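Below is one structure, written out as structure tokens; the observations come after it.
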Amino acid sequence: LSQTAELHASAVGDGHDLEAQGSYKDGHIELEALSGTIDSDYINEVSEEFGLTFSGELYIRDLTLSSDGQKLNAASGTADWSGGRILLNTSAYPQVLSLPPLKAELHLKDSRLILDVTHDERILIQIALNQEGWAEISIKGRLFELANFPWPLGADPDETALLLEEKIL
């Protein structure tokens, strides 16, 4: 006997408007076509705890995740941030960065869920989540250059300037 279910969901509220399709069949779970917008005020409810306040909107298009119930089998999708100001309130001297619009692409590589944040097709930030629940955030020097933030002269902007690792799952 086969077990199947289809789902159409929407989440609409202050600062977000998202829609998605989903399905379940014999242990295989799929989230398809998650699309919509998330306003920075909604994101800031979480990010301000980490000293980050954003402006602008995040536009998500066709986010798809597929799992066999044990691990992810596929992931894809894109997001665009409208650009704007980011307040870094993580030290005694808060700083404001201004960034142009950025793009993010989600994919699966070597069993790792990867989100590449780019500008002009160059990676600024790469976030990777492995099957064991470890997240790795690699911030490239190019992000510092783009934000006019101090960065050592002569350093390769495509090299990782800051690497953060944390077990999140």
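The structure presented is a predicted model; accordingly, all values stated were derived computationally and were not measured. Atoms considered below: every heavy atom in the structure, side chains included; atoms not considered: hydrogens, waters and symmetry mates.
Residue R122 qualifies as open at atom CZ: its count of foreign heavy atoms under 6.0 Å is 12 or below. Shown here is D26, whose CG atom has more than 12 heavy atoms of other residues, nucleotides or ligands within 6.0 Å. Under a cut-off of 6.0 angstrom, the local environment of NZ in K109 is sparse, with at most 12 non-hydrogen atoms contributed by other residues, nucleotides or ligands.
One distance of note links CG of D80 with CG of L58; it measures 8.0 Å at 0.5 Å rounding. To the nearest 0.5 Å, the span separating NE2 on H107 from OG1 on T64 amounts to 15.0 Å. Note: L106 CG to L113 CG = 4.5 Å, rounded to the nearest 0.5 Å. Of the inter-residue distances, the one linking I38 atom CD1 with I43 atom CD1 reads 5.5 Å to the nearest 0.5 angstrom. Between the NZ atom in K103 and the CZ atom in R61 there is a gap of 6.0 Å [rounded to 0.5 Å]. Here the CG-CD1 distance, from L18 to I60, works out to 5.5 Å after rounding to the nearest 0.5 Å.
Between the E57 side chain and the T37 main chain, no donor and acceptor come within less than 3.5 Å of each other. Judged purely by atom type and a 3.5 angstrom limit, D110 has no side-chain atom pairing as donor or acceptor with the backbone of R112. A donor-acceptor contact shorter than 3.5 Å links the side chain of K167 to the backbone of E132. At distances below 3.5 Å, at least one donor-acceptor pair connects side-chain atoms of S35 with backbone N or O atoms of D62. Panel note: side chain D39, backbone D41; a donor-acceptor pair is recorded below 3.5 Å. With hydrogens and angles ignored, the 3.5 Å screen pairs a side-chain donor or acceptor of W81 with a backbone N or O of S55. No donor-acceptor pair closer than 3.5 Å links the side chain of T53 to the backbone N or O of L87. Checked by atom type and distance alone, the side chain of N44 never pairs as donor or acceptor with a backbone atom of E48 at under 3.5 Å. Here the side chain of S67 pairs no donor or acceptor atom with the backbone of I29 at under 3.5 angstrom. Proximity of a side-chain donor or acceptor of D116 to a complementary backbone N or O of Q126 within less than 3.5 Å is not detected.
Here the shortest heavy-atom pairing between A74 and L108 reads N-CD2, 3.6 Å. Nearest heavy-atom pair across N89 and P94 is OD1-CG, 3.2 Å. Nearest heavy-atom pair, Q131 versus Q70, reported as atom, atom and distance to 0.1 Å: OE1-O, 4.4 Å. Between S82 and P101, the closest heavy-atom pair is O-CG, 3.4 Å.
Under the 4.5 Å side-chain heavy-atom criterion for ILVMFWY residues, no single connected hydrophobic cluster contains both I123 and L97. I114 and V117 fall into different hydrophobic clusters, where Ile, Leu, Val, Met, Phe, Trp and Tyr residues are linked whenever their side-chain heavy atoms come under 4.5 Å apart, directly or through other members. Both L169 and L115 belong to a single network of hydrophobic side chains, linked directly or stepwise wherever heavy atoms of I, L, V, M, F, W or Y lie under 4.5 Å apart. A continuous path of ILVMFWY side-chain contacts below 4.5 Å connects L143 to L164, so both sit in one hydrophobic cluster. Using a 4.5 Å cut-off between side-chain heavy atoms of Ile, Leu, Val, Met, Phe, Trp and Tyr, with links allowed through other members, Y42 and Y59 fall into different hydrophobic clusters.
Residues L102 and H119 have side chains in contact (heavy-atom distance under 4.5 Å, counting atoms from C-beta outward). Here the side chains of E6 and Q21 are not in contact, with every heavy-atom distance at 4.5 Å or above.
Of the charged side-chain nitrogens involved, at least one lies within less than 4.0 Å of a carboxylate oxygen, so that D158 and R142 count as a salt-bridged pair.
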Task: Audit row: K140, T160, side chain to side chain contact (heavy atoms under 4.5 Å, CB included) steps and yes/no - done: CA-CA 4 Å; K140 307 295 182 182; T160 298; 3.1 Å; yes

TODO: Using the side chain to side chain contact (heavy atoms under 4.5 Å, CB included) rule, take L88 and L52 through it: C-alpha gap first, then chi angles, then the decisive distance, then the call.
DONE: CA-CA 5 Å; L88 299 173; L52 299 169; 3.0 Å; yes

